[in-house]
Amino acid sequence: MKGLIFCKRTVKEILRDPLSYIFCLGFPIIMLIIMTIVNESIPKQANMTVFQIQNLAPGIAYFGMTFVMLFACIQVSKDRNTALIMRLHASPMKSYDFILGYTLSVIIIALLQLAVTFLASYIVAIVVKGELSIPGMFMSMLSLIPSAIMFISFGMIFGTLVSEKAAPGVCSIIISVVGMIGGIWMDIDNMKGAILNISKWLPFYHGVKASRLMLAGEYSEMIKPLAITIIFMIATYVLAIVIMRIKLNKDTR
Amino acid sequence: MANALEIKELKKEYGSKAAVNKISFDVEEDSLFALLGVNGAGKTTTIKMLTGLANPTSGDAMIFGHSIVNEKELVKTFVNLSPQETSIAPNLSVRENLEFMAGIYGMDKEKTARKTQEMIEMFSLQEVEKDKAKTLSGGWQRKVSIAMALITEPKLLFLDEPTLGLDVLARRELWNVIEKLKKEVTIVLTTHYMEEVEALADKIAIMVSGEVKAIGTLNELIEQTGTKNLEEAFVSIAGKN
Ligand SMILES: Nc1ncnc2c1ncn2[C@@H]1O[C@H](COP(=O)(O)OP(=O)(O)O)[C@@H](O)[C@H]1O
Ligand SMILES: [Mg+2]
């Protein structure tokens, strides 16, 4: 209940900040347009499929979640820097109230962003005569929710641990890693060796894969990557609660 | 009369430096207790320990019979503060700020609405209740900040330098508000303004470099030091180091 009240206030703060709309609407649409133009200039013989709309849409939707992480991170570290945090720490709020409040409020941004991404992708698909099924897009969106929660948890962890200035830097490391080994911008399955191995030990490759398989309707194939994604989600979420708890037991500033 | 607060040898060290050094004193229920001291005396650190914002290095304090060390979470439910830095959600309106605090302390919808209205009337916030907190002047923000603490129905309320940075008129107005609060709740107030203490306090502790050097009513302190007024009494106590 306290978590919900805290969520309500955070949603208000977010919706009253113009930065939220840039994140939510601007980013995925721009990426989509740029990458589609790139794809149009790749010759068919190259057999590059990652930029084709059925792969690009879930890829960008997933990549967008890393920006939601940055968003959560900024929100948490911003709160830490205001005097309001003294009140909150002196209140009977518990670590899970904070985490629940942040998660629920930021997930609204994540869902909006996913919706915008898939809607824009649908339009792009019509323009480039690609194929996107509407039920597939819904399923793909659903499969991205665990990843969204995982990234929000990462954001809350960094926002709690590092200073407001350093937080975006730390997030950008994760964003680059996801870009490289998530299989969003290149076809990792065909790149044998180290990269594929590293990818398989991290959640990103699996999350992207699950969202693409969901879009394609290949449900039996996607169970494993989705399960891995959910396990990572639970682990990071629990970690976020533990770290917030430690933080609350320390002195406030 | 019963004690709202009993501090026993409370100490806080930052590194090797003691910000608060084994202070002990009691605060009677339904009184206003002033903690008087210059910047850096340890007033804020004392309040932080008593409100669960900082862990004491040693010692303890009982608030209505409950330990701030062993029963921290319980104590938090009936103690609140208005921090030295004005502490409000900037993008929320005055009304929303008040409702937010009531909710955080577990009040239901009906009670939240009732208490919010009560605070708006008590602090005369009607004309600004729809304004975003960040657009208010310092005096209004301070009133909102205190209202946000009071709405949670604390049994003990800490006001950390409530009139710091306010102009004369805003300060006088806030004194009137605090006079009204005295009837509702036990208050511990910190300040470095002598007039404020003279106007409001039932009892005074003078804090110097983390230690309580003298304690008593206004008249007792003046008598103890053989001086004419609080300022002279303060100088004679805080000056001899
Ligand atoms: N978080 C902290 N870390 C290190 N030193 C601190 C911290 N908070 C306060 N201090 C030191 O403790 C002393 C008392 O500070 P404070 O309680 O804020 O005084 P006051 O509120 O009376 O002005 C000061 O010397 C201050 O520098
Ligand atoms: Mg202070």
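All figures in this text were calculated on a predicted structure; none of them were measured in a lab. Keep in mind that the numbers below use all heavy atoms, side chains included, and drop hydrogens, waters and symmetry copies.
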Polar side-chain atom of B/S24 near backbone of B/E9 as donor-acceptor pair, under 3.5 Å:
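Present.
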Taking B/T186 for its side chain and B/A4 for its backbone only, find out whether a donor-acceptor pair lies under 3.5 Å.
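No: the side chain of B/T186 does not pair with the backbone of B/A4.
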Ring centroids only, cut at 6.0 angstrom: are A/F118 and A/F138 within range, meaning strictly under it?
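No, ring centres 6.0 Å or more apart.
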Answer yes if the ring centres of A/F67 and A/F151 are under 6.0 angstrom apart, and no otherwise.
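Ring centroids of A/F67 and A/F151 are no less than 6.0 Å from each other.
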Which region of [X], side chain (C-beta onward) or backbone (N, CA, C, O), has a non-hydrogen atom less than 4.5 Å from a non-hydrogen atom of chain B, or is it both or neither?
X	answer
A/K250	backbone
A/T82	neither
A/M1	neither
A/N249	both

Relative to the ring of A/F63, is the ring of A/F27 parallel (under 30°), tilted (30 to 60°) or perpendicular (over 60°)?
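Taking A/F63 first and then A/F27, their aromatic rings sit tilted (interplane angle of 30° to 60°).
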For [X], is it the side chain, the backbone, both, or neither that has a heavy atom closer than 4.5 Å to a heavy atom of chain A?
X	value
B/T86	backbone
B/S93	backbone
B/F158	neither
B/M49	neither
B/I88	backbone

Do you know which of A/T252, A/L88, A/D251 has the most heavy-atom pairs under 4.5 Å to chain B?
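Greatest number of close heavy-atom pairs with chain B: A/D251.
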If you define the side chain from C-beta out and look only at heavy atoms, does anything of A/L100 sit under 4.5 Å from A/C7?
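Not touching, per the 4.5 Å side-chain cut-off.
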When heavy-atom pairs shorter than 4.5 Å are enumerated against chain A, which of B/E73, B/Q84, B/K72, B/E96 gives the highest number?
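When all of B/E73, B/Q84, B/K72, B/E96 are compared, B/E96 has the most.
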For the interface with chain A, which of B/N55, B/T77, B/V75, B/L74 has the highest count of heavy-atom pairs at distances below 4.5 Å?
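With the most close heavy-atom pairs to chain A, the winner is B/N55.
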State plainly whether the residues B/D60 and B/K11 are in salt-bridge range, i.e. N to O under 4.0 Å.
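Between B/K11 and B/D60 there is no salt bridge, as every charged N stays at least 4.0 Å from the carboxylate O atoms.
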Neighbour count >12 (heavy atoms, 6.0 Å) for atom NZ, A/K94:
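Count over threshold, so yes.
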